[in-house]
Asks: 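What follows is a structure written as structure tokens; I'll ask about it next.
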Amino acid sequence: MSSDSLDKGYDPSGIEEKWYKYWVDNGFFKANEESDQKPYAIVIPPPNITGVLHMGHALNNTVQDIMCRHRRLCGDNVLWMPGTDHAGIATQNIVEKNLAKKGVTRDQLKREEFIDEVWKWKEHSGGAIINQLKRLGASCDWDRERFTMDEGLSDAVRKVFVRLYKEELIYQGLYIINWCPRCKTALSDLEVDHEEQDSFLYHIRYPFESGEGGLVVATTRPETMFGDTAVALNPNDQRYQDLTETHVCLPLTDRKIPIIRDDYVDTEFGTGALKVTPAHDPNDFHLGNRHNLESIKVIDDDGIMTDGAGRFNGQERFECRKQALEALEAEGFLVKKEPLKNSVGHCYRCKTVVEPSLSKQWFVKVGPLAKEAADAVREGKTRIIPENWSKTYFEWMDNIQDWCISRQIWWGHRIPVWTCKDCGKIMVEEVDPTACDSCGSKELVQETDVLDTWFSSALWPFSTMGWPEQTQLLKTFYPTNALVTGFDILFFWVARMMMMGIHFMDEVPFKDVYIHALVRDEHGKKMSKSKGNVIDPLKVIDQYGADAFRFTLAAFAAQGRDVKMSEDRVEGYRNFVNKLWNAARFTLMHLEKGPGEMDVSLLSLPEKWILSRSKATADAVHQSIETFKFNEAASAAYQFTWHEFCDWYVEAAKPALYGKEGEKRCRVVRAVISEVLENTLVMLHPFMPFVTEEIWEKLPTTSGSVMSARFPGIEDNELLVRDEAVEGDMEHVFGVISGIRNIRSTMNIPPSMQLGVSMQTMDARERRIIEENHAMIENLARLDSLEVTEPGEAPPSSATAVVNGTSIYVSLMGVIDFDKEAARLDKEIAKVTKELVAVSKRLNNESFLEKAPEDVVEKVKGIQQGLEEKNDKLRENLDRINKIAG
RNA sequence: GGGCGAAUAACUCAGUUGGUAGAGUGCAACCCUUACAAGGUUGAAGUCACAGGUUCGAGCCCUGUUUCGCCCA
């Protein structure tokens with residue numbers, strides 16, 4: 001496709017796939033562990049193999065891709081390690097559901113057969129998200145893609161388990177844990193979502209042994225009463241000070257339970273009498289331990305009442321609640337029922353109400369690990385960005401509970417613990433043992449539980465790089481440079497990676513943790529299927545292109561603030577992509593006349609200016625990406641591209657490009673415009689990889705991929721130098737042109753009408769600038785004549801603007817509307833007067849003159865002088881107009 | 001109950017050691033000027049949530065209040 005047939009509008013379809021394939025095929029995403037180049041590594045937060053790309057993933061991976069692509073452009077050896085996690089419970093749920101459609105339960109299959117089914121599912125439909133990440137443009141090193149159930153990662157899991165066990169940091173114990181009766185597994189505390197919900201607080205009378213009176217307990221969960229083994233009172237509670245009874249009868253049963261006293265009881269809540277159910281409530285469990293109470297499990301693993309519930313045996317737990325309440329009411333034990341909002345735990349995978357339950361499980365003793373992990377952040381070995389999150393991190397680390405790691409499911413890393421059937425010896429081994437190392441028996445039984453998925457993801461930064469082998473990859477890339485994630489998995493994942501990384505690698509897993517916000521809908525509401533406000537990233541990409549979508553995410557990703565996404569916003573940035581495309585189209589059109597030729601002596605102000613701005617912008621973009629300020633980087637690039645390069649420079653360059661300034665100037669300007677366009681493409685590439693590559697290829701001045709280019713400004717380039725004097729001069733030219741345009745617009749002068757303008761200034765610099773750039777001013781303000789003089793008589797029948805020290809007179813012989821011009825000047829004067837009042841107020845304040853720093857005072861004085869001059873000139877002109885009109 | 005964050009133009013948001021408020025979208029007017037109407041030019045629009053305080057000076061720092069959101073218990 002030749003450049004003159006470049007389409008008028010940018011259409012991303014087809015182009016994105018083409019370049020993605022090109023990059024992959026040519027190894028542009030590959031890291032090199034043997035290289036001496038500066039390494040830069042990021043490990044991806046592994047999405048679930050069950051997952052599909054949502055807005056959160058899109059933001060997360062766009063940010064990582066921006067960082068990685070930027071670093072490659074800086075010449076670093078970048079490793080972006082991709083992969084997925086096996087998502088034990090979620091995956092098992094899906095496969096079970098699929099089996100259920102065929103009328104098969106997992107228990108009808110053998111464990112091995114079931115796991116085969118899961119692998120089959122994984123091969124067939126798992127990991128769809130990986131291809132979706134590719135649509136987004138993610139430049140991961142796909143050849144290194146890992147999965148938490150891979151052989152290598154499984155070895156790492158085993159080694160870690162065995163070592164922690166031998167260090168007594170893993171133990172098995174009978175504790176109260178969170179049980180999901182639907183998934184039929186234990187959950188860690190973190191895997192329980194607490195939701196506020198409307199419930200009732202039931203007041204139930206437990207009669208005294210003697211038969212007279214009784215204690216009224218208050219509970220939201222009457223069905224657990226069958227597991228009560230005491231009623232607790234606060235020893236300081238005046239209401240029960242004189243109570244001599246020692247036992248109460250448990251209604252609906254024939255059991256008697258003791259009355260105990262413990263400070264834990266909250267005298268404010270309910271009646272101050274607390275029913276104690278050690279087997280079904282975490283607080284009661286600890287209370288029970290202190291008082292040596294019996295624990296009676298009355299709800300089984302399916303959420304069904306056990307025979308401990310007497311006649312309610314076999315009922316589902318919530319049905320039992322209903323039935324028990326009816327019975328209590330019928331028998332006169334239910335004293336009252338009041339509405340109450342309370343927080344109820346739900347399984348984070350299936351939303352079933354979690355049952356706290358006494359159970360034998362495996363735990364990690366996290367205290368010592370957490371301390372090191374917290375210290376690493378305190379000592380600055382790892383930075384959390386934005387810094388505020390470190391407080392949340394410390395809060396959790398300092399109050400951490402042991403981590404329940406065993407799950408009663410089949411899909412996952414099976415716990416490497418064997419018990420000898422003959423002698424009861426327990427073996428914890430990296431390699432499956434064949435015989436008991438104590439009695440030699442071959443009758444060994446392996447623990448049936450698997451490990452929490454997060455146990456394996458905790459090892460991700462080093463297990464993916466080949467640990468426990470001492471690989472070259474680890475040597476080159478560990479610790480990684482940055483981890484990019486949402487705050488929702490700060491505890492689940494980041495904290496645990498910190499613990500494991502420090503413990504097993506003796507080094508933090510990453511130097512920076514960048515926490516980004518959530519993506520919400522345009523009104524700031526969390527996206528959810530039930531609300532119907534979910535925007536599918538893939539549909540957005542289909543409609544607007546990945547580049548526009550990525551740029552939108554980046555532009556709104558301000559630190560510490562949620563990203564509010566709406567298609568309108570993406571459309572706005574789609575227009576930006578198109579703008580860039582057309583700037584390139586324009587440039588290409590001119591490059592067809594032949595390549596540019598640089599000659600520094602022939603550069604005029606706009607060329608020097610755009611080169612200076614190009615350098616300033618590149619620096620700003622670079623700096624902002626390095627400091628995780630993606631919105632600032634995006635807006636600096638946007639502002640420059642659209643409003644400096646396209647709006648001003650391209651327009652200013654047209655006469656030269658169309659040959660009106662001679663062949664030499666034409667060549668020089670071609671050289672400048674292609675240089676600036678190239679720089680712009682490179683600095684935009686991290687945000688918009690596809691369109692920048694497409695344009696890069698079309699440019700006759702470039703070769704290879706934009707991915708092999710160097711970020712502008714990081715290598716010496718005599719053309720790319722910031723020159724603030726040049727920028728100041730150009731500002732004056734802009735002011736003059738805008739002043740004339742304003743007059744044209746407010747006086748309703750058609751654009752086709754050429755104007756005559758004279759300018760007067762005493763300022764030699766301003767005069768020089770105008771004279772040197774008169775052609776540009778004439779062109780951009782559409783003038784047929786422009787003269788610059790010393791201040792003198794104002795031309796008659798003209799409208800006036802004042803810019804810095806320059807008075808501009810737009811000659812409007814015969815067309816001037818004096819009323820309109822007077823109104824226009826009035827407005828200008830009002831504006832200036834308002835500013836002048838504010839400035840003068842400050843300068844008339846003696847304390848200000850005395851106490852403010854000198855440079856500030858000088859600056860304000862300068863402003864005042866400028867405003868006064870402007871004011872005077874405007875008034876003079878207003879008088880003149882009034883005189884002529886009057 | 002503990003913690004974190006937000007409140008700035010009609011909307012969505014920026015705002016770097018305090019020096020007197022900006023952008024995008026939207027809105028209004030004009031314009032098919034040979035890169036782009038997915039465009040150009042010009043313009044209107046703000047008691048920076050409220051109340052105190054520190055300071056010559058506060059959107060920014062301090063204290064309190066209100067409203068909203070999130071996390072933990």
Side-chain angles (χ1 to χ4, degrees), chain A residues 6-11 189-190 193-194 266 268 282-283 343 386 388-392 394-396 399 487-488 490-491 517-518 520 522-526 544 548 552 555-566 568-569 571-590 623-624 627 629 631-632 634-636 638-639 642-643 646-647 650-651 654 657-658 673 677 737-752 779-782 824 827 835 838-839 841-853 855-857 859-860 863:
Chain A
L6 207 68
D7 292 341
K8 205 168 164 184
Y10 175 65
D11 178 8
D189 294 341
L190 280 179
D193 289 334
H194 292 272
D266 180 357
E268 302 291 311
N283 295 313
S343 163
N388 299 343
W389 287 105
S390 30
K391 196 161 179 179
T392 310
F394 292 140
E395 199 70 28
W396 191 69
N399 299 295
F487 58 79
D488 46 338
L490 181 62
F491 304 142
L518 294 180
R520 298 172 175 279
E522 57 187 314
H523 303 109
K525 296 262 161 29
K526 208 167 174 171
Y544 300 102
T552 309
F556 283 96
Q559 279 185 15
R561 202 185 262 265
D562 289 338
V563 176
K564 295 192 182 112
M565 175 59 58
S566 84
D568 287 350
R569 274 159 222 165
E571 191 181 339
Y573 288 107
R574 189 269 318 258
N575 295 351
F576 176 58
V577 174
N578 194 53
K579 188 75 180 174
L580 176 69
W581 177 254
N582 274 288
R585 203 162 88 100
F586 175 81
T587 306
L588 275 166
M589 223 172 74
H590 289 282
Q623 197 54 39
S624 299
T627 51
K629 292 173 181 166
N631 61 319
E632 290 181 16
S635 71
Y638 180 98
Q639 167 70 23
W642 200 315
H643 299 301
C646 293
D647 285 353
V650 167
E651 294 306 324
K654 278 179 180 171
L657 289 171
Y658 284 112
I673 199 170
L677 177 62
I737 295 168
S738 297
I740 299 168
R741 284 173 173 174
N742 175 291
I743 289 171
R744 188 187 277 282
S745 173
T746 43
M747 303 296 281
N748 290 335
I749 298 162
S752 50
N779 172 41
L780 296 181
R782 302 190 140 256
R824 210 180 61 81
K827 207 181 91 189
E835 285 174 53
V839 170
K841 203 168 146 193
R842 281 205 281 166
L843 287 170
N844 291 333
N845 183 342
E846 279 184 33
S847 322
F848 174 71
L849 297 174
E850 233 169 80
K851 294 182 181 173
D855 57 324
V856 173
V857 175
K859 197 177 141 195
V860 176
I863 293 171

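Residue numbering restarts at 1 for every chain, and letters A, B, ... go by the order of the sequence lines. Below, each value reflects all heavy atoms present in this structure, side chains not excepted, and no hydrogens, waters or symmetry copies.
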Asks: For A:Arg574, report the nucleic acid contact type (base, sugar-phosphate, nothing); a contact means any heavy atom under 4.0 Å.
Replies: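 Base, at least one base atom sits under 4.0 Å.
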
Asks: At under 4.0 Å, does any side-chain N or O of A:Lys654 touch on OP1 or OP2 of B:rU33?
Replies: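 No, outside the criterion.
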
Asks: Each nucleotide N or O in nucleotides 71-73 of chain B that has a protein N or O under 3.5 Å away: list the pair and distance.
Replies:
none

Asks: With sequence neighbours left out, write down each residue that passes ring pair (Phe, Tyr, Trp, His ring centres under 6.0 Å) with A:Tyr10, or none if nothing qualifies.
Replies: A:Trp581

Asks: I'd like to check the salt bridge (charged side-chain N to carboxylate O under 4.0 Å, His left out) partners of A:Glu835; sequence neighbours left out, ordered by chain and number.
Replies: none

Asks: Applying salt bridge (charged side-chain N to carboxylate O under 4.0 Å, His left out), name anything that partners A:Asp647, two or more places apart in sequence or on another chain.
Replies: none

Asks: With sequence neighbours excluded, what pairs up with A:Thr392 under the side chain to side chain donor-acceptor pair (under 3.5 Å) test?
Replies: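 By the side chain to side chain donor-acceptor pair (under 3.5 Å) rule, A:Thr392 matches no residue at all.
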
Asks: Taking A:Arg569 for the side chain and A:Phe556 for the main chain, is one N or O donor matched with an acceptor at less than 3.5 Å?
Replies: no

Asks: Under the side chain to side chain donor-acceptor pair (under 3.5 Å) test, which residues partner A:Asn283, sequence neighbours left out?
Replies: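 A:Asn283: side chain to side chain donor-acceptor pair (under 3.5 Å) contacts with A:Tyr264.
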
Asks: So, using salt bridge (charged side-chain N to carboxylate O under 4.0 Å, His left out) as the criterion, who are the partners of A:Arg842 when residues are at least two apart?
Replies: none

Asks: Encode nucleotides 22-28 of chain B as B, S and - characters from 5' to 3', where the letter depends on protein heavy atoms closer than 4.0 Å: B to the base, S only to sugar-phosphate, - to neither.
Replies: --S----

Asks: Atom pairs under 3.5 Å, N or O on each side, protein against nucleotides 54-57 of chain B: can you list them with distances?
Replies:
{"residue": "B:rC56", "atom": "OP1", "partner": "A:Lys851", "partner atom": "NZ", "Å": "2.5"}
{"residue": "B:rC56", "atom": "O2'", "partner": "A:Asn845", "partner atom": "ND2", "Å": "2.9"}

Asks: For A:Lys654, what residues pass the salt bridge (charged side-chain N to carboxylate O under 4.0 Å, His left out) criterion, not counting sequence neighbours?
Replies: A:Glu651

Asks: Identify whether any heavy atom of A:Asn748 sits under 4.0 Å from a base atom; if not, whether one sits that close to sugar-phosphate; answer base, sugar-phosphate or nothing.
Replies: nothing

Asks: Give a yes/no answer on whether the side chain of A:Ser738 brings an N or O atom under 4.0 Å of OP1 or OP2 in B:rU42.
Replies: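 Yes, because at least one side-chain N or O of A:Ser738 sits under 4.0 Å from OP1 or OP2 of B:rU42.
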
Asks: Donor-acceptor check, side chain of A:Ser745 to backbone of A:Arg741, threshold 3.5 angstrom: yes or no?
Replies: no

Asks: Rounding to the closest angstrom, what is the interatomic distance between B:rC32 and B:rU16 at atom C1'?
Replies: 43 Å

Asks: Side chain of A:Asp647: nearest nucleotide among B:rU34, B:rU41, B:rC36?
Replies: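 So the side chain of A:Asp647 is nearest to B:rU41.
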
Asks: Does the side chain of A:Arg585 get closer than 4.0 angstrom to OP1 or OP2 of B:rC36 through an N or O atom?
Replies: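 Yes, such a contact exists.
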
Asks: Taking atom types as they are modelled, is there a donor-acceptor pair under 3.5 Å from the base of B:rC4 to the side chain of A:Lys391?
Replies: no

Asks: Taking atom C1' of B:rC70 as reference, at what distance in whole Å does atom CD of A:Glu395 sit?
Replies: 15 Å

Asks: Output all residues satisfying side-chain contact (heavy atoms from CB on, under 4.5 Å) with A:Arg824, sequence neighbours left out; order by chain, then residue number.
Replies: A:Asn742, A:Ile743, A:Thr746, A:Met747, A:Ala799, A:Glu821

Asks: Can you see if the side chain of A:Lys8 gets near the phosphate of B:rA37 - specifically, an N or O under 4.0 Å from OP1 or OP2?
Replies: yes

Asks: When Watson-Crick pairs (N1 to N3 and N6-O4 or O6-N4) and G-U wobble pairs (N1-O2 and O6-N3) count only below 3.5 Å on both distances, what is the dot-bracket string of RNA chain B, with | for other-strand pairs?
Replies: (((((((..((((.....[..)))).(((((.......))))).....(((((..]....)))))))))))).

